[in-house]
Amino acid sequence: PAIAGSSESINANVIHRQQWMGMPDAPVTSVFSVESPFEVLHGGLGLHIVTDEIAQYSNLDLQISYAYQTQLGDGQLGIGLSSGIFQSGIDGTELNPSEPGDIVIPAGEISGSAMDFGGGLYYNTQDVYIGLSTLHFTEPTIEKDDGKIVNLSRHYFLLAGYYHELNPLVSLNPSIYLKSDGSTSQLDINTNIVYNNKMWGGVSYRIGDHFLGPELAVLTGMNITDDFKLGIAYDVVLSNIQHNSLEFMLGYSFKVDYDR
């Protein structure tokens with residue numbers, strides 16, 4: 001949430017991820033986010049919507065965020081808070097119980113929701129950026145229609161990266177992305193080469209999930225115009241699952257003149 005208002009434009013992004021393509025009931029994730037600076041608020045506001053579908057299960061996370069932006073040294077520090085609703089559901093009509101009439105298995109669609117809160121810090125200079133954030137800060141409890149309880153664990157995220165200019169046209173952008181719920185962690189180690197600030201390509205190596213094993217992703221993208229960008233990631237799963245993943249990203253920046 002702390003990135004809201006960190007630039008002088010309205011930024012909108014759409015991400016769609018198809019995990020383990022070709023596997024029945026594989027996870028599908030879609031993300032929509034938009035954030036904008038507001039001078040009167042000394043920062044910015046943002047909207048973040050995430051939908052997850054895994055077999056008969058579905059989740060919806062809707063968050064509104066505010067970030068206070070201030071200059072710190074050679075860069076800018078954002079301090080953000082978010083609040084919203086997390087909804088979890090299951091479609092019992094798609095289940096195939098081993099014993100018909102099992103009262104534990106829902107016969108129809110059931111769902112539940114709870115208030116959800118988060119927060120974070122984001123600091124960036126011309127060459128360096130680092131962000132810390134948390135999700136499900138209060139570890140909310142969701143009670144579904146049938147009385148079943150879903151407990152959401154607090155999650156922590158760390159993002160850090162650096163831009164190193166190799167020559168006037170080419171720069172190197174190594175970065176890391178760490179996420180953890182306190183008991184398990186996952187780390188992405190990324191390296192991109194950026195050409196003329198218009199095209200990029202690189203690789204990402206993911207470790208930490210002992211069940212799925214490591215993954216190697218090929219990354220590429222380009223700024224189609226000064227405002228419109230496209231990114232693609234293709235994940236090669238290095239385990240017995242033998243189904244790879246594909247992710248698309250579209251981003252658009254609306255340039256607005258602000259007296260800041």
A side-chain contact here means heavy atoms from C-beta on lying under 4.5 Å apart; do [X] and [Y] qualify?
X: Phe86; Y: His136; result: yes
X: Leu219; Y: Val203; result: no
X: Leu216; Y: Asp235; result: no
X: Leu72; Y: Tyr123; result: yes
X: Gln19; Y: His243; result: no
X: Leu158; Y: Ile130; result: yes
X: Ile232; Y: Phe248; result: yes
X: Phe157; Y: Leu132; result: no

Centroid separation Tyr252 to Phe254 less than 6.0 Å: yes
Neighbour count >12 (heavy atoms, 6.0 Å) for atom [atom1], [X]:
X: Ile224; atom1: CD1; answer: yes
X: Ile64; atom1: CD1; answer: no
X: Met21; atom1: CE; answer: yes
X: Glu53; atom1: CD; answer: no

Restricting to non-hydrogen atoms, name the atom on [X] and the atom on [Y] that form the minimum distance, rounded to 0.1 Å.
X: Asp116; Y: Phe137; answer: OD1-N, 4.3 Å
X: Asn11; Y: Ser7; answer: ND2-OG, 2.8 Å
X: Ser133; Y: Pro1; answer: CB-CD, 4.3 Å
X: Ser33; Y: His48; answer: CB-ND1, 3.5 Å
X: Gly251; Y: Asn13; answer: CA-OD1, 3.4 Å
X: Ala67; Y: Ala2; answer: CB-O, 3.6 Å

Between Thr125 and Asp127: side-chain donor-acceptor atoms closer than 3.5 Å: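 No, because no side-chain N or O of Thr125 sits under 3.5 Å from a partner of the opposite role on Asp127.
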To the closest 0.5 Å, what do you measure between [atom1] ([X]) and [atom2] ([Y])?
X: Asn196; Y: Leu169; atom1: CG; atom2: CG; answer: 5.0 Å
X: His16; Y: Ser30; atom1: NE2; atom2: OG; answer: 5.0 Å
X: Tyr205; Y: Leu187; atom1: OH; atom2: CG; answer: 10.5 Å
X: Leu121; Y: Thr134; atom1: CG; atom2: OG1; answer: 11.0 Å
X: Asp226; Y: Lys198; atom1: CG; atom2: NZ; answer: 7.0 Å
X: Met23; Y: Gln242; atom1: CE; atom2: CD; answer: 9.5 Å

Candidate pair Phe228 and Asn223, rule side chain to side chain contact (heavy atoms under 4.5 Å, CB included), full reasoning: CA-CA 6 Å; Phe228 183 49; Asn223 293 320; over 6 Å; no
Among Asp61, Val31, Thr29, the one residue meeting side-chain contact (heavy atoms from CB on, under 4.5 Å) with Asp52: Thr29
I'd like to know if the side chain of [X] reaches the main chain of [Y], judged simply by a donor and an acceptor atom lying under 3.5 Å from each other, with no hydrogens or angles considered.
X: His155; Y: Ser153; result: yes
X: Ser180; Y: Gly182; result: yes
X: Glu35; Y: Gly5; result: yes
X: Tyr68; Y: Leu41; result: no
X: Ser9; Y: Ser253; result: no
X: Gln71; Y: Gly75; result: yes
X: Asn192; Y: Asn173; result: no
X: Tyr122; Y: Gly80; result: no
X: Arg154; Y: Glu139; result: no
X: Asp188; Y: Ile176; result: no

Side chain to side chain contact (heavy atoms under 4.5 Å, CB included) between Asn124 and Leu77, worked out: CA-CA 7 Å; Asn124 68 292; Leu77 174 66; over 6 Å; no
Is there a path of hydrophobic side-chain contacts, each under 4.5 Å between heavy atoms, that joins [X] and [Y]?
X: Tyr129; Y: Tyr177; result: yes
X: Met222; Y: Leu250; result: yes
X: Tyr162; Y: Leu159; result: no
X: Ile142; Y: Ile110; result: no
X: Ile3; Y: Tyr163; result: yes

Criterion side-chain hydrogen bond (donor to acceptor under 3.5 Å, both in side chains) on Thr225 and Asp227, from CA distance to verdict: CA-CA 5 Å; Thr225 68; Asp227 302 320; 5.0 Å; no
Val236 and Glu215: CA distance, side-chain angles, deciding distance, side chain to side chain contact (heavy atoms under 4.5 Å, CB included) verdict: CA-CA 6 Å; Val236 179; Glu215 295 183 12; over 6 Å; no
Verdict with supporting geometry, Ser245 and Gln18, side chain to side chain contact (heavy atoms under 4.5 Å, CB included): CA-CA 6 Å; Ser245 305; Gln18 178 72 57; over 6 Å; no
